[in-house]
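Encoded as structure tokens, the structure appears first; notes follow it.
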There are 2 protein chains.
Amino acid sequence: MRVLRTGVSSVAPHPHSEPAWLDTIMKGDCVAALNKLPSKSVDMVFADPPYNLQLGGDLHRPDQSKVDACDDHWDQFESFEAYDAFTRAWLLSVRRVMKDDASLYVIGSYHNIFRVGAILQDLGFWIMNDIVWLKSNPMPNFRGKRFTNAHETIIWAVKSKDAKPTFNYDALKTFNDDLQMRSDWHLPLCTGSERLKDDNGDKVHPTQKPESLLYRVLTASSNPGDVVLDPFFGTGTTGAVAKKLGRHFVGVEREQTYIDAATARIEAIEFGQGAGLEMQKGKRAEPRIPFGNLLESGMIEPGTELTSANGKHLAIVRADGSLKSGSFTGSIHKVGAMVQGQTSCNGWTYWHIKRGRKTSPIDDLRQEIRSRLRA
Amino acid sequence: MRVLRTGVSSVAPHPHSEPAWLDTIMKGDCVAALNKLPSKSVDMVFADPPYNLQLGGDLHRPDQSKVDACDDHWDQFESFEAYDAFTRAWLLSVRRVMKDDASLYVIGSYHNIFRVGAILQDLGFWIMNDIVWLKSNPMPNFRGKRFTNAHETIIWAVKSKDAKPTFNYDALKTFNDDLQMRSDWHLPLCTGSERLKDDNGDKVHPTQKPESLLYRVLTASSNPGDVVLDPFFGTGTTGAVAKKLGRHFVGVEREQTYIDAATARIEAIEFGQGAGLEMQKGKRAEPRIPFGNLLESGMIEPGTELTSANGKHLAIVRADGSLKSGSFTGSIHKVGAMVQGQTSCNGWTYWHIKRGRKTSPIDDLRQEIRSRLRA
DNA sequence: GGATCACGTGAATCTGAGG
DNA sequence: TCCTCAGATTCACGTGATC
């Protein structure tokens with residue numbers, strides 16, 4: 001097995017003992033190569049498996065005029081069966097090396113993606129989303145017999161229903177001009193200077209994916225320092241973007257031509273690091289401040305009156321940090337829920353306090369404490 | 001079996017002896033009902049089968065209102081095996097009644113579409129395209145745990161590789177401003193007055209499809225006078241659009257409530273009244289370019305410094321498209337507002353980037369991406 | 001009467017830390 | 001592993017009331 005070592009490790013050494021396969025391309029068959037990795041060792045997988053476009057040839061028989069539906073069915077079963085076996089094998093290998101909360105992204109077209117998706121489900125993977133990559137510049141349908149095939153499908157799956165994968169929701173929302181990122185991604189094809197060409201000017205790989213696609217996948221489901229596996233490495237788009245974004249990679253590839261192109265490509269990239277890689281964090285990342293802290297710190301006195309935003313509900317703050325509203329007592333959340341007759345409530349944003357002439361949510365006080373803590 | 005006869009036949013009599021089932025809704029199980037149709041008797045099929053959604057508990061919006069989920073009994077299956085068996089059964093029944101060159105459209109989501117697609121292939125169907133219906137107004141992801149599920153997938157398949165289905169290429173191209181119709185269709189959900197409501201104002205069917213979707217399907221793959229089958233008729237969108245466009249329909253439906261609603265709906269339509277209408281187009285607004293696109297496309301590197309026009313304020317671009325300026329972080333718009341102490345700001349014109357000796361607003365970069373997309 | 005705003009709602013596999 | 005409970009979380013668009 002040939003192994004590529006890029007300069008990555010010297011730039012960003014793994015904190016502990018760095019495994020030999022990190023930031024390398026393993027040459028060989030996908031299943032055989034993955035067997036050399038420890039189980040539960042990667043944080044994310046991006047897979048661009050063969051689409052099996054030649055499948056059509058298998059279906060075409062020379063004496064097709066005599067083929068009846070039953071024989072036709074048999075032919076297809078045979079060749080789909082082979083693709084399914086291949087798919088099950090690599091998915092099982094990938095599954096073994098995935099950490100329990102790792103994310104798997106698989107891209108494909110209508111030729112193969114339905115089989116991949118069904119097998120994923122059969123193997124116990126849990127689908128989080130399917131995503132459509134809409135190509136702004138697809139190849140037209142020359143014969144005018146179908147719709148222009150203008151998209152590919154990406155399946156985001158995890159190992160089980162209970163997995164808690166990385167999902168940088170706030171980062172993606174900020175990325176998308178403060179709107180939730182949707183399941184449709186409008187991105188151009190890989191063309192121009194990004195497309196790797198050989199000495200003859202021919203494209204090195206027939207289906208090189210654009211870096212923008214990997215950028216979005218890695219931003220969504222990985223963190224700096226994570227290990228990203230690509231079992232069909234090709235010309236190394238996954239590795240290139242991983243290195244740019246400060247992630248480690250490991251690739252598997254059978255063709256030496258692709259390995260050579262990918263190696264040169266990745267070596268020319270600088271490992272990303274620094275403040276530029278920090279991502280927007282949500283409220284959950286902030287330290288938890290119990291409501292009692294507002295009393296301890298003197299920001300609120302026992303006996304203070306809180307109101308709902310519309311002023312309809314009143315509550316008194318008691319010395320232990322509980323509220324009393326009529327016959328209801330309990331935490332800010334519980335009392336907020338009870339006065340509204342609901343099952344849950346975010347007391348921080350529901351209850352308001354009068355400060356001077358203005359009324360503001362007690363969440364503002366929490367923010368003041370948090371900024372004090374940071375200082 | 002209850003049979004609905006609409007007024008269609010009197011308006012557009014079938015040339016030969018018109019079968020009793022034409023322009024009717026057959027009540028009952030899909031397979032049993034289809035057994036009563038002659039083989040090779042329909043020109044097109046549109047199928048909207050149960051999606052096999054697997055919902056956890058209740059889901060509430062941030063304002064505490066409860067999402068009215070699709071939890072109907074007909075959408076519940078015990079296992080993937082059960083769903084697969086159901087799918088194989090109805091697809092085989094449909095296959096028998098399809099003419100050799102008939103088109104089959106099946107719509108689904110990631111819960112079921114991969115299984116449907118794989119089974120289609122296993123049964124010998126030939127996939128022509130997969131089409132994505134991009135919803136302009138999907139339900140958001142309220143908990144921020146996934147991408148907004150903003151699309152559904154439609155598979156267009158025929159009975160065999162050799163089938164020559166109807167495809168009204170030129171009509172579609174004309175509809176699409178002289179561009180080939182692509183595999184991504186941007187259409188809004190079925191809402192407003194089009195959505196059927198009962199006396200309580202509740203929706204009659206949880207998953208009524210928009211007529212615009214059927215309009216496009218029927219225009220693409222059928223001709224006036226053709227017979228269109230919908231084995232999961234629901235509230236009859238397929239029948240309604242078929243009648244408007246001068247196609248005959250035949251539907252199968254188990255629930256009397258849906259049959260009643262569909263009957264009334266279709267009877268109110270005049271045969272062929274919509275045939276001269278121009279097809280509903282998706283909005284072709286200028287594509288929205290989120291700031292993150294500038295990073296994925298490599299136009300801006302993480303760590304780049306942006307300034308306000310007067311140079312007073314600086315900010316660092318981070319990999320996720322967020323800015324960091326002092327202790328402020330967020331989108332270009334939010335940070336622009338914060339550094340100025342204002343409530344809102346157009347980050348595109350506020351922030352500037354140095355390119356060579358010149359400093360220009362980042363909006364210039366956005367324009368470059370737009371022109372690239374147009375090219 | 002036109003503009004504005006509050007409100008409702010859509011095929012959804014929708015929490016997680018701590019005890 | 002289970003239970004408890006703090007507390008985080010939404011976009012587009014149509015309708016109808018109000019100004």
Side-chain angles (χ1 to χ4, degrees), chain A residues 101 121 125-130 156-158 160-165 167 169-170 173 176-183 282-292 310 321 330-337 343-351 362-363 366, chain B residues 48-72 74-77 80 107-113 133 135-153 188-195 197 201-203 205-210 232 234 283:
Chain A
D101 290 332
Q121 292 178 314
F125 285 94
W126 188 249
I127 298 179
M128 298 290 292
N129 275 116
D130 62 334
W156 172 27
V158 290
S160 81
K161 192 181 185 210
D162 305 314
K164 304 291 179 202
F167 184 60
Y169 175 79
D170 295 284
K173 187 173 175 178
N176 196 36
D177 289 354
D178 297 322
L179 288 176
Q180 281 191 342
M181 187 68 82
R182 301 171 27 130
S183 59
K283 276 191 177 176
R284 282 210 167 89
E286 297 280 324
R288 205 177 75 82
I289 309 287
F291 180 64
N310 56 18
S331 69
I332 54 172
H333 313 294
K334 274 199 170 163
V335 174
T343 55
S344 73
C345 166
N346 183 342
W348 289 108
T349 51
Y350 182 74
W351 294 110
I362 55 177
D363 200 34
R366 181 171 63 159
Chain B
D48 183 10
Y51 285 10
N52 190 25
L53 297 186
Q54 294 150 56
L55 306 176
D58 289 341
L59 178 64
H60 292 86
R61 297 183 176 82
D63 65 4
Q64 307 272 20
S65 63
K66 186 167 173 288
V67 172
D68 184 15
C70 176
D71 52 2
D72 301 73
W74 49 257
D75 197 47
Q76 310 293 323
F77 291 83
F80 284 132
I107 186 167
S109 67
Y110 66 86
H111 311 85
N112 71 323
I113 199 66
W133 168 27
K135 305 174 180 180
S136 56
N137 49 348
M139 191 177 319
N141 185 287
F142 296 115
R143 311 307 287 266
K145 292 293 151 185
R146 304 176 176 210
F147 299 102
T148 308
N149 199 352
H151 74 278
E152 294 187 24
T153 300
L189 294 171
C190 178
T191 60
S193 59
E194 188 187 326
R195 189 78 191 230
K197 303 279 173 60
D202 297 323
K203 54 192 179 194
H205 194 282
T207 69
Q208 187 182 338
K209 294 292 174 288
F232 305 97
K283 287 177 189 167

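We name chains A, B, ... by the order of the sequence lines, and we start the count at 1 in each one.
- In this structure, A:Trp351 has its ring center no closer than 6.0 Å to that of A:Phe291.
- Distance A:Met181 CE to D:dT9 P: 17 Å, rounded to the nearest Å.
- If you measure from atom CG of A:Asp178 to atom P of D:dT9, you get 13 Å, rounded to the nearest angstrom.
- Residue contacts for B:Thr148: at a heavy-atom cut-off of 4.0 Å it reaches no nucleic acid atom on any strand shown.
- If you check every strand for non-hydrogen atoms under 4.0 Å, A:Thr349 touches nothing.
- Distance A:Trp348 CH2 to D:dC5 C1': 15 Å, rounded to the nearest Å.
- In this entry the distance linking NE2 of B:His151 with P of D:dC11 reads 19 Å, nearest Å.
- In C:dT15 the O4'-C1'-N dihedral to the base is more than 90° from 0, which defines an anti nucleotide.
- In this structure D:dG7 sits in no base pair that meets the Watson-Crick or G-U test at under 3.5 Å.
- In this structure, CZ on B:Arg195 lies 8.0 Å from CG on B:Leu189, to the nearest 0.5 angstrom.
- A donor-acceptor pair is defined here as one N or O able to donate and one able to accept, closer than 3.5 Å; no such pair exists between the side chain of A:Arg182 and the backbone of B:Pro140.
- Across D:dA6 and C:dT13, the matching C1' atoms stand 25 Å from one another, rounded to whole Å.
- B:Lys145 has a side-chain polar atom (N or O) that falls below the 4.0 Å cut-off from OP1 or OP2 of C:dG16.
- Taking atom CG of residue A:Asp363 and atom P of nucleotide D:dT9, one finds them 10 Å apart after rounding to whole Å.
- Going from the P atom of C:dT9 to that of D:dT9 covers 24 Å, rounded to whole Å.
- Per the geometry, CG belonging to A:Asp162 stands 9 Å off P belonging to D:dT1, to the nearest Å.
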Nucleotides 3-13 of chain C: protein proximity per nucleotide (B base, S sugar-phosphate only, - neither; heavy atom, under 4.0 Å): ------BBBBB
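- Proximity of A:Tyr169 to the phosphate of C:dT15: no side-chain N or O atom is located under 4.0 Å from OP1 or OP2.
- Nearer the 5' end of DNA chain D, as judged by each residue's closest nucleotide, is the contact made by B:Gln64, out of B:Gln64 and A:Arg182.
- C:dC5 is paired with D:dG16 under the criterion used here, namely a Watson-Crick or G-U wobble arrangement in which both key atom distances are under 3.5 Å.
- C:dG10 and D:dA8 are spaced 28 Å apart, taking the P atom of each and rounding to whole Å.
- Under the salt bridge (charged side-chain N to carboxylate O under 4.0 Å, His left out) criterion, the residue pairs touching residues 50-67 of chain B are B:Asp58-B:Lys66, with sequence neighbours excluded.
- No donor-acceptor pair under 3.5 Å is formed between the side chain of B:Thr153 and the backbone N or O of B:Ser109.
- Checking the phosphate oxygens (OP1, OP2) of D:dG7, a side-chain nitrogen or oxygen of A:Arg288 falls inside 4.0 Å.
- Taking 4.0 angstrom as the limit, A:His333 places a side-chain polar atom (N or O) nearer than this to OP1 or OP2 of D:dG7.
- Inspection of the A:Ser331 and A:His333 side chains reveals no N or O donor paired with an N or O acceptor under 3.5 Å.
- Rounded to an integer number of Å, the gap from CG of A:Asn346 to C1' of D:dC5 is 13 Å.
- Using N1 to N3 plus N6-O4 or O6-N4 for Watson-Crick, or N1-O2 and O6-N3 for G-U wobble, each under 3.5 Å, C:dA12 pairs with nothing.
- Taking atom P in both D:dA12 and C:dC14, one finds a spacing of 23 Å when rounded to whole Å.
- Across the P atoms, D:dG7 and C:dA11 are found 34 Å apart, a figure rounded to whole Å.
- Using a distance-only test at 3.5 Å, with no hydrogens or angles considered, a donor-acceptor pair links the side chain of B:Gln64 to the main chain of A:Ser344.
- Listed for the B:Gln54 side chain is no donor-acceptor partner under 3.5 Å among the backbone atoms of B:His111.
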